[in-house]
Amino acid sequence: MNVIFALTGTGEQLLEMVSTDVAGLLAAVQGESVTFPFGNYQYDFHALDHYEENGAYRQELVIYLK
């Protein structure tokens, strides 16, 4: 599944990746902090979006950080 990390306040996209372990990823980001090479953030909430692309329905997990 496509996973996007975004900032809650601005909507700025920090990282886009593909993961097959969405439950594990959500459990990991809900810890004390999420660390990227360019900064530390805290989990705020997440949303599962569905959209159509080239006639196929897809899902995307957006993880919002503060």
Side-chain angles (χ1 to χ4, degrees):
M1 177 182 299
N2 195 40
V3 179
I4 294 177
F5 291 89
L7 291 177
T8 300
T10 63
E12 176 187 354
Q13 184 174 318
L14 299 173
L15 178 71
E16 183 173 348
M17 63 182 278
V18 175
S19 177
T20 57
D21 184 12
V22 175
L25 184 61
L26 276 174
V29 299
Q30 292 177 6
E32 287 187 29
S33 68
V34 179
T35 303
F36 295 110
F38 44 83
N40 295 325
Y41 303 92
Q42 288 186 315
Y43 171 85
D44 197 12
F45 66 97
H46 66 275
L48 182 61
D49 294 332
H50 296 82
Y51 60 95
E52 183 180 350
E53 182 177 277
N54 299 326
Y57 286 102
R58 305 204 182 272
Q59 358 180 45
E60 177 175 86
L61 176 65
V62 182
I63 299 173
Y64 291 94
L65 306 171
K66 54 185 174 180

Would you compute the distance between atom [atom1] of [X] and atom [atom2] of [Y] and round it to the nearest 0.5 angstrom?
X	Y	atom1	atom2	result
Met1	Thr20	CE	OG1	10.5 Å
Tyr43	Ile63	OH	CD1	7.5 Å
Leu26	Leu61	CG	CG	5.0 Å
Phe5	Leu14	CZ	CG	9.0 Å
Lys66	Thr8	NZ	OG1	7.5 Å
Tyr51	Tyr57	OH	OH	13.5 Å

- Query: Any luck finding a side-chain donor-acceptor pair between Asp49 and Gln59 under 3.5 Å?
  - Reply: no
- Glu52 atom CD, neighbour heavy-atom count above 12 within 6.0 Å: yes
- With Glu53, which residues qualify under salt bridge (Lys or Arg N to Asp or Glu O under 4.0 Å), at least two apart? Arg58
- Shortest non-hydrogen contact between Gly11 and Ala6, atoms and distance: O-CB, 4.1 Å
- Message: The criterion is side-chain contact (heavy atoms from CB on, under 4.5 Å); which residues satisfy it with Thr35, sequence neighbours excluded?
- Response: Ser33, Asn40
- Task: Could you list the residues that satisfy side chain to side chain donor-acceptor pair (under 3.5 Å) with Gln42, not counting sequence neighbours?
- Result: none
- Task: Please step through side-chain contact (heavy atoms from CB on, under 4.5 Å) for the pair Leu65 and Asp44, ending with a clear verdict.
- Result: CA-CA 5 Å; Leu65 306 171; Asp44 197 12; 5.9 Å; no
- Using a 4.5 Å cut-off on heavy atoms from C-beta on, say whether the side chain of Asn2 contacts that of Glu16. yes
- Return the orientation label for the Phe38 and Phe36 ring planes: parallel under 30°, perpendicular over 60°, tilted otherwise. parallel
